[in-house]
Protein chains: 2
Amino acid sequence: MSADADKPAFDVIELLFFAYRDFVRDPDEELTAYGFGRAHHRVLHFVDRNPGLRVTELLDILKITKQSLGRVLRELVDKGFITQREGAADRRQRLLFVTERGDRLARELARLQTRRVSHALSTLDAREQEAVRRFLFEIIEPEERSKVSAVSGAEIPPRR
Amino acid sequence: MSADADKPAFDVIELLFFAYRDFVRDPDEELTAYGFGRAHHRVLHFVDRNPGLRVTELLDILKITKQSLGRVLRELVDKGFITQREGAADRRQRLLFVTERGDRLARELARLQTRRVSHALSTLDAREQEAVRRFLFEIIEPEERSKVSAVSGAEIPPRR
DNA sequence: CGAAATAAGTCAACATGGCTGACGTAATTT
DNA sequence: AAATTACGTCAGCCATGTTGACTTATTTCG
């Protein structure tokens, strides 16, 4: 096989650390201007991408507790970046939507990260770009993969 | 070009989030048994990989403050996972080394992450694997790349 | 119908790991 | 001899995660 499963993959482990460290840098800076942090970014992002998201679904995506989410969600609602609407079928639900302001911020943050990602992808041909997507997808915990496919637009080409 | 620099790269942005979320999961669990957290892991990892690392260098790698590092470093030293030795040339320096215990833990944590990474790499051919390394390397802030090459064993094949 | 389960929110207390600012000490460099 | 550097430390603050307990409204199920 090409990958020695036994020999420590130090290089990729470290690249993941450094890449992620810098991947979240630009948004982090921008967010301080709004009094927000990384946690707010994540919530805003997934609500922007999935209008009408239920709170329970968001908790499952983020893998944090209801209480942790509660704090940042309240701030996002108070400052007018997210609104909640009662579910039509199930009135216990508080479906989440971004406001126009929320959408603008979400897209600005996505633009910053897209700039970085697009640059990196531009050094690869189409097949190699697909390989990157497959690699990241396969890093994800197996039971989580179907959920990621559902929530994210990412289409992962099959192995081989 | 293959990558639309304007169209938001939502798929890769989200894959990076989910992949990193799960990438740090196994070590996080293991670490609680020692009363350590993610911050200790990072310190232990880079000292294990770079014996004799200087404190200043470590600060530059982690991009945190001296005070933040001080806390976790003290705990790692107190619990016998890291030792400090006076620099031979410059006696102001406190060069960092892992103890035998430290080495064992560092390698165990690396094993967990290697398992995940190796699996993901195994779905790719050799050229695609190189593409993954190049992608991650290009995500890193340009001025940081040479430092990463120096500290990490990662050999990044040139673009094209 | 009534009981149980579910969706969501909230209060309180605590842990981790960042941060700033101010200082101190030893050693090296200029 | 003075300035700089490497490292450490005290004190306090902030963001974001945790557990545990409890409430309210609504839906589901026997």
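In the text below, chain A, chain B and the rest are named by the order of the sequence lines, each starting its count at 1. Basis for what follows: all heavy atoms, side chains included, without hydrogens, waters or symmetry-related copies.
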When A:G35 and A:D90 are each assigned the nearest nucleotide of DNA chain D, the 5'-most assignment goes to A:G35

Under 4.0 Å: is that the gap between some side-chain N or O of [X] and OP1 or OP2 of [N]?
X	N	answer
B:Q84	D:dC7	no
B:R91	C:dA27	yes
B:T65	C:dC19	yes

Of the options [options], whose atoms approach the side-chain atoms of [X] most closely?
X	options	value
A:K66	C:dG18, D:dC7, C:dA8	C:dA8
B:A39	C:dT10, C:dG18, C:dA8	C:dG18
B:Q93	C:dG9, D:dT9, D:dC7	D:dC7
A:R92	D:dG17, C:dA7, C:dG9	C:dA7
A:I64	C:dT28, C:dA8, D:dG17	D:dG17
B:V72	C:dG17, C:dT10, C:dA7	C:dG17

In degrees rounded to 10°, what angle is found between the helical axes fit to the five outermost pairs at each end of the helix from C:dC1-D:dG30 to C:dT30-D:dA1?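 The two end axes of the helix from C:dC1-D:dG30 to C:dT30-D:dA1 meet at 30°.
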
When rounded to whole Å, the CD to P distance for the pair B:Q67 and D:dC13 reads 16 Å

Are B:R25 and B:D28 within salt-bridge range, i.e. N to O under 4.0 Å?
-> no

May I ask you to say what [X] touches in the nucleic acid, namely base, sugar-phosphate or nothing, with a heavy-atom cut-off under 4.0 Å?
X	answer
A:R54	sugar-phosphate
B:G70	nothing
B:R71	base
A:E75	nothing
B:E57	nothing

Should we count CZ of B:R127 as having more than 12 external heavy atoms under 6.0 Å?
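Yes.
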
Under 6.0 Å between ring centres, would you say that holds for B:F135 and A:F23?
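Not close enough - the centres of the two rings lie 6.0 Å or further apart.
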
